[in-house]
Enquirer: 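Here it is, the structure, as structure tokens.
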Amino acid sequence: MDAVQHVFKGTFIHSTTRCDLEIIENHMLGTDRVGKILFFEDAQIQSRLSQKWGFDESNIQALGNNEFFMPGMIDTHIHAPQYTFIGIGMERPLLEWLEHTTFPTEDTFCDVELARNMYNTVVRRTLRNGTTTACYFATIHTDASIVLADTASQYGQRAFIGKVCMDHNDTYKKYRETTKESIKETKRFFEVLESKKYDRVKPIITPRFAISCSERLLNKLGKLAEKHDLHIQSHISESPAEIKEVRRLFPDYNNYTEVYDRNKLLTNKTVMAHGCYLTNEELCVFRERGAAISHCPNSNISLCSGHLDVRNALNHRVKMGLGTDVAGGYSISLLDAIRKAIETSKIIFMERSKSERDNNETQNKQQENMKPDEVNEDTQNGPMKTENNHNVLSYKEAFWLATLGGSEALGIDHITGNFKVGKEFDALIINPEAKDSPFEVNSHVSKEEMLQRFLYLGDDRNIKSVYVAGICVVPFPSNT
Ligand code: GUN
Ligand code: ZN
């Protein structure tokens with residue numbers, strides 16, 4: 001029988017499917033030595049559990065009254081070096097922002113010591129905000145990217161690390177590689193990472209986006225990913241100017257998705273950020289390939305890129321998670337991504353309702369001017385469609401996106417995302433009554449309402465502890 005390492009007792013909240021949020025009170029969860037969940041049972045059978053698994057009362061870590069466990073959150077898209085300028089220079093649209101702010105900053109990461117400092121800060125900050133898994137873009141610099149992998153591993157964060165590939169950059173020529181270098185360094189990068197045999201850190205093939213890669217580079221990266229069965233990440237259909245440029249650079253392709261797809265970069269291990277302007281036809285290709293979208297609502301708004309219609313992507317059964325897209329997004333917190341995802345879907349709903357009303361009004365006006373026998377029966381009396389906001393993303397769905405949905409997007413849902421027995425214990429202890437908590441807890445508030453209040457108003461002050469694979473990684477060990 002597996003030996004029990006930790007036993008936790010209290011309230012657990014997690015998603016079991018996109019719409020099903022479970023709030024399970026008075027339960028006990030046990031983990032083994034490698035952080036896997038061994039049992040998750042009602043605390044009423046505590047004595048039976050303690051006999052079966054060989055623990056006693058003193059081994060149990062019990063939560064306080066209003067505290068609860070939730071799964072660790074998963075950031076499916078974040079640029080670690082861009083934390084350097086987070087919250088600064090957000091006035092420009094995407095392509096100008098890349099040229100003036102992003103590329104010059106990323107270029108400084110050729111300095112490994114500078115990178116070490118910044119990556120230390122980023123990993124600590126993301127962990128403290130409850131990001132137990134992060135899918136990182138680093139820079140084109142292999143050694144600095146390896147430092148990011150080392151740092152995530154040292155702090156116990158689950159992570160995918162991408163050495164960025166780009167052999168085309170007309171706007172900031174200093175920051176690019178040759179095709180040959182990019183391939184050679186990508187190989188070196190994943191070989192070094194594989195040789196380090198980290199427990200929870202993996203390489204991910206990272207063509208920056210179609211504009212910054214030649215067709216040859218995309219093709220070689222696709223083949224490399226296929227040969228070594230590697231994860232892939234990039235950006236797609238983020239802004240209108242970007243799409244126009246892709247069309248100019250890749251005239252032989254029918255659309256943006258095809259640029260990646262024909263070069264073997266759209267697989268069931270791919271996560272593409274943004275996707276605001278993907279057509280239904282392209283979403284069907286995502287679905288067929290099993291490729292995922294990382295929804296980055298803060299960045300989409302901050303850089304005035306556009307909106308992703310999450311409901312439509314979900315209806316196409318495309319895998320989806322949330323991304324902070326730091327520093328296109330100005331918040332490192334997935335709580336912010338949850339809020340902005342809900343707000344974006346409300347904006348889309350309101351815009352659609354308005355345009356439907358405007359259309360109806362126009363039709364009514366036209367009908368007023370028609371002779372009676374020309375009036376269309378269907379729209380007679382100017383029926384304004386009943387307002388129905390079922391298309392708005394619910395808070396439960398947003399919570400799912402930040403946890404289980406993200407794990408599915410990264411293809412790690414057999415390992416993390418909720419508290420199913422056999423998965424690893426990636427969890428947050430939420431304390432709604434923390435010192436300086438940004439919200440109040442009144443006695444009449446239910447557990448579900450408490451969760452909602454935390455999702456809308458909470459922050460890292462409410463995140464008391466963070467566990468990855470059963471290891472307590474926040475508060476940080478005193479030697480770090
Ligand atoms: N497209 C290509 N590079 C980037 C980047 O760094 N951030 C965002 N938001 N989009 C990109
Ligand atoms: Zn990005």
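As the structure lists them, so they are numbered: ligands from 1, and atoms in each ligand from 1.
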Enquirer: For ligand 1, would you mind listing the residues that have at least one heavy atom less than 4.0 Å away, ordered by chain and number?
Expert: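 The 4.0 Å shell around ligand 1 contains His79, Gln82, Leu94, Trp97, Leu98, Arg208, Phe209, His235, Glu238, His274, Ser299, Asp325.
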
Enquirer: Is Arg287 paired with Glu282 through a side-chain N to carboxylate O contact shorter than 4.0 Å?
Expert: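 Looking at Glu282 and Arg287, the cut-off is not met.
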
Enquirer: With 2.8 Å as the threshold, which protein atoms of type N, O or S lie near the Zn ion (ligand 2)? Leave waters out.
Expert: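 Atoms qualifying: His77 NE2, His79 NE2, His235 NE2, Asp325 OD1.
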
Enquirer: With a 4.0 Å cut-off, would you call Lys36 and Glu424 a salt bridge?
Expert: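 Judged by the 4.0 Å cut-off on N to carboxylate O distance, Lys36 and Glu424 do not form a salt bridge.
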
Enquirer: So, are Glu448 and Arg453 salt-bridged, with charged N and O less than 4.0 Å apart?
Expert: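 Salt bridge flag = no for Arg453 with Glu448.
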
Enquirer: Can you tell if the side chain of Ile429 reaches within under 4.5 Å of the side chain of Phe68, non-hydrogen atoms only?
Expert: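 Result no, sub-4.5 Å side-chain heavy-atom pair not found.
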
Enquirer: Hey, what do you get for OG1 (Thr142) to CZ (Arg188), rounding to the nearest 0.5 Å?
Expert: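 Result: 4.5 Å between the selected atoms.
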
Enquirer: So does Arg352 pair up with Asp309, basic N to acidic O under 4.0 Å?
Expert: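 Looking at Arg352 and Asp309, the cut-off is met.
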
Enquirer: Any carboxylate oxygen within less than 4.0 angstrom of a Lys/Arg side-chain nitrogen, looking at Lys464 and Glu67?
Expert: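 Salt bridge present between Lys464 and Glu67.
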
Enquirer: Are Asp436 and Arg461 ion-paired here, with the side-chain N under 4.0 Å from a carboxylate O?
Expert: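 Looking at Arg461 together with Asp436, the answer is no, because their closest N to O distance does not fall below 4.0 Å.
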
Enquirer: Apply salt bridge (charged side-chain N to carboxylate O under 4.0 Å, His left out) to the pair Glu397 and Arg311, showing each step before the final yes or no.
Expert: CA-CA 10 Å; Glu397 289 175 299; Arg311 174 65 64 221; 2.8 Å; yes

